[in-house]
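Taking it in order: structure first as structure tokens, then the write-up.
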Amino acid sequence: MSATSNSATGHLPQRCGVLGGGRMGAGIAHALLMGGSTVVVVERDEASAQAAFERVAESVDRSIARGLASEARGEILQRFSVSTDYQQFATAQLVIEAVPEIWELKVSSLQAVERVLDAEAVLASNTSSLSVSGLAKELARPAKFLGLHFFNPVPASTLIEVVIGQETGKDLVEASRGWVQALGKTPVVVNDAPGFASSRLGVAIALEAMRMVEEGVASAEDIDNAMVLGYKHPTGPLKTTDIVGLDVRLGIAEYLHETLGERFAPPQILKDMVAQGKLGRKSGQGFYSW
């Protein structure tokens, strides 16, 4: 059974893979597991693979503690494995790439996965800003490729951005809607464009908030509170930047600056903080101390 025919009714593919087991990849793997799929995460080395297993297992434990799991821990983790071998994707019906936002790395990783996939399997990228159509041009089966942009933290987020490339198959659009709904999340379907919808809007707000800090308009906390209390933003643009990672936000801003123009030019405060290693939550210091 192909992945697309299996999922048009709103069911996840039975066998899924995730390339990259960092915070986002582990979150995606957890979501797929909780949705009932068998999942394998492939990482670059044994230490990274083991760390990915521990991240996913901890997320499963939290879901069980909150009463969100219909299966026992052992039953869920029996469907989960980690590896350093791309060949483990050979039987997957859907593989989602979740490696860092570096063009060359994305391309080489996607090509390596595609080489071992079944002809009917679907390949997706979790990219938050890079061109899905551009990535598709580097692949042998662009009709079987799309963007599935998950949001951090994946377990709490209710949104997945479905990004349609110029050559993405029409049947894949409806199938992917069903997958997102099967995960208990809401699909937002957008055509491929720089930054899609979410990153373009989110980064625009975050960059302006950074300029306000830079200009001494208000503190980071007060700027965030204005958005949380006034506009019902869940955390505020600066705390969100800390959670996402200042280096990630800088990379997206530089790409949008290059493709969409001066309004996305990263402010000096962002460049300086990244150069100083102040990357947000993962480094312990960003606009906030963690």
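Numbers here simply count residues along the sequence, with the first being 1.
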**Asked** When rounded to the nearest 0.5 angstrom, what distance separates CE in Met210 from CG in Leu270?
**Response** 4.5 Å

**Prompt:** Step by step, would you call Lys144 with Leu117 a side-chain contact (heavy atoms from CB on, under 4.5 Å)?
**Reply:** CA-CA 11 Å; Lys144 291 289 185 181; Leu117 286 183; over 6 Å; no

**Prompt:** Is there a donor-acceptor contact under 3.5 Å from the side chain of Glu101 to the main chain of Ile252?
**Reply:** no

**Request:** Please confirm whether the backbone N or O of Ala26 pairs with a side-chain atom of Arg55, one donor and one acceptor, at under 3.5 Å?
**Result:** no

**Prompt:** Would Val122 end up clustered with Val107 when hydrophobic side chains under 4.5 Å apart are linked, directly or stepwise?
**Reply:** no

**Message:** Within the 4.5 Å heavy-atom criterion, are Ile205 and Tyr231 side-chain neighbours or not?
**Reply:** no

**Prompt:** For Leu246, does its backbone N or O pair with a side-chain atom of Lys278 as donor and acceptor, under 3.5 Å?
**Reply:** no

**Flag side-chain contact, heavy atom, 4.5 Å: Leu32 against Ile96** = yes

**Message:** When you measure from the side chain of Lys185 to the backbone of Ser157, do you find a donor-acceptor pair of N or O atoms at a distance under 3.5 Å?
**Reply:** yes

**Request:** State, to 0.1 Å, how close Val162 and Ser176 come at their nearest heavy-atom pair, and which atoms those are.
**Result:** CG1-OG, 3.3 Å

**Prompt:** Does any non-hydrogen side-chain atom of Val244 lie less than 4.5 Å from one of Thr240?
**Reply:** yes

**Request:** Identify the heavy atoms of Asp192 and Gly134 that sit nearest to each other, and give their distance.
**Result:** OD2-N, 4.5 Å

**Item:** Inter-residue atom distance Glu262.CD - Leu260.CG, 0.5 Å rounding
**Value:** 12.0 Å

**Asked** What is the distance from atom OG of Ser128 to atom CZ of Phe196, rounded to the nearest 0.5 Å?
**Response** 7.0 Å

**Request:** State plainly whether one hydrophobic cluster holds both Leu94 and Ile164, where clusters connect Ile, Leu, Val, Met, Phe, Trp and Tyr through side-chain heavy atoms under 4.5 angstrom apart.
**Result:** yes

**Complete:** Scanning both residues in full, the closest heavy-atom pair of Gly36 with Arg79 reads C-NH1, 3.4 Å

**Item:** Val274/Leu279 under side-chain contact (heavy atoms from CB on, under 4.5 Å): CA gap, chis, key distance, verdict
**Value:** CA-CA 6 Å; Val274 171; Leu279 307 182; 4.1 Å; yes

**Message:** Within the 4.5 Å heavy-atom criterion, are Asp247 and Lys282 side-chain neighbours or not?
**Reply:** yes

**Message:** Measuring only between side-chain heavy atoms, which start at C-beta, is Phe264 closer than 4.5 Å to Tyr255?
**Reply:** no

**Request:** Check the pair Glu214 / Arg211 against salt bridge (Lys or Arg N to Asp or Glu O under 4.0 Å), numbers first and verdict last.
**Result:** CA-CA 5 Å; Glu214 195 171 50; Arg211 294 185 189 102; over 6 Å; no

**Message:** Using every non-hydrogen atom in the two residues, find where Gly25 and Ala98 come nearest and quote the distance to one decimal.
**Reply:** CA-CB, 3.9 Å

**Request:** Kindly assign one of parallel, tilted or perpendicular to the pair His149 and Phe151, based on the angle between their ring planes and the thresholds 30° and 60°.
**Result:** tilted

**Request:** Using modelled atom types only, decide if a donor and an acceptor are shared between the side chain of Ser37 and the backbone of Val39 within a distance under 3.5 Å.
**Result:** no

**Item:** Reported CG-to-CG distance for the pair Leu77 and Asp61, which is rounded to 0.5 angstrom
**Value:** 7.5 Å

**Message:** Give me the atom names and distance for the closest heavy-atom approach of Glu46 to Thr84.
**Reply:** N-CG2, 3.7 Å

**Shared hydrophobic cluster, Val180 / Leu123 (ILVMFWY, side-chain heavy atoms < 4.5 Å)** = no

**Asked** Are Val248 and Val203 connected, step by step, through hydrophobic side chains (Ile, Leu, Val, Met, Phe, Trp, Tyr) whose heavy atoms are closer than 4.5 Å?
**Response** yes

**Fill in**
So OG of Ser59 and CG of Leu68: to nearest 0.5 Å the spacing works out to 11.5 Å

**Request:** Answer yes or no: is there a side-chain heavy-atom contact under 4.5 Å between Val154 and Met24?
**Result:** yes

**Main-chain N/O of Ala143 paired to Glu167 side chain as donor or acceptor, under 3.5 Å** = no

**Request:** Flag the pair Pro237 / Asp224 as yes when at least one side-chain heavy-atom distance between them is below 4.5 Å, and no otherwise.
**Result:** yes

**Message:** For a 4.5 angstrom cut-off between non-hydrogen side-chain atoms, does Leu172 reach Phe145?
**Reply:** no

**Request:** Go through Tyr86 and Leu19 one step at a time and tell me if the side-chain contact (heavy atoms from CB on, under 4.5 Å) criterion holds.
**Result:** CA-CA 9 Å; Tyr86 279 66; Leu19 179 63; 3.8 Å; yes

**Item:** Intermediate values then yes/no, side-chain contact (heavy atoms from CB on, under 4.5 Å), Gln78 and Glu71
**Value:** CA-CA 11 Å; Gln78 191 174 24; Glu71 299 173 279; over 6 Å; no

**Request:** Verify, without hydrogens or angle tests, whether Ser63 (side chain) and Ala69 (backbone) share a donor-acceptor contact under 3.5 angstrom.
**Result:** no

**Message:** Could you walk me through whether Lys239 and Glu221 satisfy the salt bridge (Lys or Arg N to Asp or Glu O under 4.0 Å) test, starting with their C-alpha distance in whole Å, then the side-chain angles of each, then the deciding distance to 0.1 Å, before giving a yes or no?
**Reply:** CA-CA 8 Å; Lys239 185 168 284 187; Glu221 185 175 9; over 6 Å; no

**Request:** Verify the distance criterion only: is there a donor paired with an acceptor across the side chains of Gln14 and Thr38 at less than 3.5 Å?
**Result:** no

**Message:** Just by distance, no angles: are the side chains of Ser198 and Glu161 close enough, under 3.5 Å, to form a donor-acceptor pair?
**Reply:** yes

**Prompt:** So, Glu97 side chain and Leu110 main chain: donor-acceptor pair closer than 3.5 Å or not?
**Reply:** no

**Asked** Is the number of heavy atoms from other residues, nucleotides or ligands within 6.0 Å of CD (Gln276) greater than 12?
**Response** yes

**Item:** Least distance between heavy atoms, Leu238 atom then Ala206 atom
**Value:** CD2-O, 4.3 Å

**Message:** I'd like to know if the side chain of Gln88 reaches the main chain of Asp85, judged simply by a donor and an acceptor atom lying under 3.5 Å from each other, with no hydrogens or angles considered.
**Reply:** no

**Prompt:** Side-chain heavy atoms under 4.5 angstrom apart, residues restricted to Ile, Leu, Val, Met, Phe, Trp, Tyr: same cluster for Val188 and Leu130?
**Reply:** yes

**Item:** Under 3.5 Å: donor-acceptor pair, side chain of Asp242, backbone of Phe287
**Value:** yes

**Request:** To the nearest 0.5 angstrom, please state how far the CE atom of Met227 sits from the NZ atom of Lys232.
**Result:** 12.0 Å

